[in-house]
Amino acid sequence: MYETVIGLEIHVQLNTQSKAFCKDQNSFDEAVNTNISFVSLAHPGTLPRMNKSHIEKAVKLGMALGCDINQHNFFDRKNYFYPDLPKGYQITQDKEPFCRQGKVRYMSEGEVRTITLHHIHMEEDAGKSTHDQDGRYSLVDINRAGVPLLEIVTQPDFRSGQEVSDFLAELQKVVQYLDISDGNMEEGSFRCDCNVSVRKTGSPELGERCEIKNMNSRRYAKNAIEYEAKRQIDIIEQGGIIHRSTLLYDPEKGVTKLMRKKESENDYRYFPEPDLPPLFFSETFLEEFSSQHQTLPIDAYLLLRETYHLSHSDAEVLTEAKETFAFFIHLSEKLSDSKDLCDLLILKILPHVRKENIRLHNFARDTEILHFIELISSGKVSKSAAYQHLFLPWTTDTTQDITILAMSKGLIQSDDQSFLDELIAEVIESNPGKVAEYRKGKKGLIGFFMGQVMQKSGGKTDPKILQNKMENILLQN
Ligand code: ADP
Ligand code: MG
């Protein structure tokens, strides 16, 4: 029996305003080669300058994952030639990454699993090359050159493609919760290299590994790992040996292909970056981040499972975005039971905001939502009627009171006695003068009182029942 061993290197593009070492805008989904100053193009005489936000976002992540942060930092040059790298080197951190260790907890197959990080370091992205199918020419876009990156390197702690996929989902959410990156794999702001080896189960030594480059989807990563492990096992079973190499995954054919034999470290001729001063993190700077309480998505998920007793899938949906989770907690605190809120969010509000392409906080009217839930939980309107007939009119007409809207749609039964009592009590309470007059004998006022209640009920009240009730109540005491 064989065991698969996987370690990951993940590149995360940070959502800073400007690039890592110059003022160019950090945004490359615009026209090609527009965010490119002399610095990005590496004209002679230009010099890099550090970006505070790059560093802050790096430290924020390191702290949130419980890493040991280095106080003394510097950058290195990684030298190689490629057309999308105008400087001829990448500014990175080689021997001394800004942080080491740290752990990531994630859910896999219904349980909490933990992996250890090897380190995280800061670096910059290269430009983007697009190669002509027939190999005649390549197009180079420099917009991406110099975009701030973090490289997160894990220990070889994963044992299956499924674990890797679940872990990546968690890490994407972590960077989104911390607001350091959009974590979008398809668009390339979150890319993963998978190092895969196999060994006989129980063997203490690791097997030789191959590295599958640039996975841009969790499903591809899982499939690529499963294919690659099988390929390696087949070679070993046939008496062959694994050569360390760099591979590419072809998602259409579902196979890994050789890209290059792994170059040795020396090829890159790493040396300290002479154009940037050493970087010192003072205690006060670090404290700023440790004192900020950062909710991690796994903790949000576990809170909803354990304290709010939500199902796995409900908790998963409500913690997909930090905004949704925060919104749920905020409103739950005002309710004795949050099940109706959970359902309303998942079944109606979230699909609605997604469809309308608006943010939850732009939709959300706290008190109105509480009223909506109150109508359901008090039994005045059935849940299915509220979802089917009330939700949409309510979202489109924001001026109407939800109760009145429900009445005008005929969703509240007119013989709902306690509800009618409530409306009568309201009318009596807000018209003490008229009540006194009525009691002194001005019986004609009954018309006024009934009119008020009718209006509040949207005309859905039976006038005979109402008149009877109204007179009885007015004549009491
Ligand atoms: P390099 O710097 O050459 O890429 P590292 O030793 O830094 O190599 O490891 C890079 C990644 O490969 C890490 O995520 C690590 O966990 C993983 N890794 C190292 N050895 C193995 C192995 N035998 N099998 C699977 N993954 C491995
Ligand atoms: Mg590497």
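All values reported here derive from a predicted model rather than from experimental measurement. Remember, it's 1-based here, ligands and their atoms both numbered in the order they're listed.
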In ligand 1, which numbered atoms sit nearer than 4.0 Å to a non-hydrogen atom of [X]?
X	result
R244	3 (O)
Q155	16 (O)
L206	23 (N)
V153	13 (C), 14 (O)
G207	23 (N)

Consider every N or O of [X] and every N or O of ligand 1, then say whether any pair is closer than 3.5 Å.
X	value
I6	no
L8	yes
P156	yes
E211	no

Self-check item: Backbone of G254 reached by a side-chain donor or acceptor of Y220 within 3.5 Å
Solution: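 Judged by distance alone, no pair lies under 3.5 Å.
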message: With salt bridge (charged side-chain N to carboxylate O under 4.0 Å, His left out) as the criterion, how do D24 and K19 come out once you've worked through the C-alpha distance, each side chain's angles and the decisive distance to 0.1 Å?
response: CA-CA 6 Å; D24 289 357; K19 289 189 182 176; 3.8 Å; yes
*Nearest to atom 5 (P) of ligand 1 by heavy atom, E208, R199, E9, R209: which?*
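Minimum heavy-atom distance to atom 5 (P) of ligand 1 goes to R209.
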- Heavy-atom gap H118 to ligand 1 smaller than 4.0 Å: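 No, H118 has no heavy atom closer than 4.0 Å to ligand 1.
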Check: Looking just at side-chain N and O atoms, do E30 and S27 make a donor-acceptor pair shorter than 3.5 Å?
Finding: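 Yes.
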- Message: Regarding D182 and Q176, do their side chains bring together a donor and an acceptor under 3.5 Å, going by distance alone?
- Response: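 Looking only at side-chain atoms, Q176 and D182 do not form any donor-acceptor pair under 3.5 Å.
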Hey, could you give me each pair passing side chain to side chain donor-acceptor pair (under 3.5 Å) that has a residue in residues 323-337? Not counting sequence neighbours.
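As it turns out, the side chain to side chain donor-acceptor pair (under 3.5 Å) pairs with a partner in residues 323-337, which skip direct neighbours, are E323-R359, E323-H361, H330-D366.
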*Identify whether the distance between the nearest side-chain nitrogen and carboxylate oxygen of D76 and K95 falls below 4.0 Å.*
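Looking at K95 together with D76, the answer is no, because their closest N to O distance does not fall below 4.0 Å.
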Taking the six-membered ring of Y177, is the NZ or CZ of K173 close enough (under 6.0 Å from the centre) and on axis enough (within 45°)?
->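 Ring-cation test returns no.
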Which of these passes side-chain hydrogen bond (donor to acceptor under 3.5 Å, both in side chains) with Y301: H312, E316, E306, R105?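 Testing each of H312, E316, E306, R105 against Y301, the sole residue satisfying side-chain hydrogen bond (donor to acceptor under 3.5 Å, both in side chains) is H312.
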Item to complete: Answer with side chain, backbone, both or neither: which part of N195 has a heavy atom less than 4.0 angstrom from an atom of ligand 1?
Response: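 Contact part for N195 vs ligand 1: both backbone and side chain.
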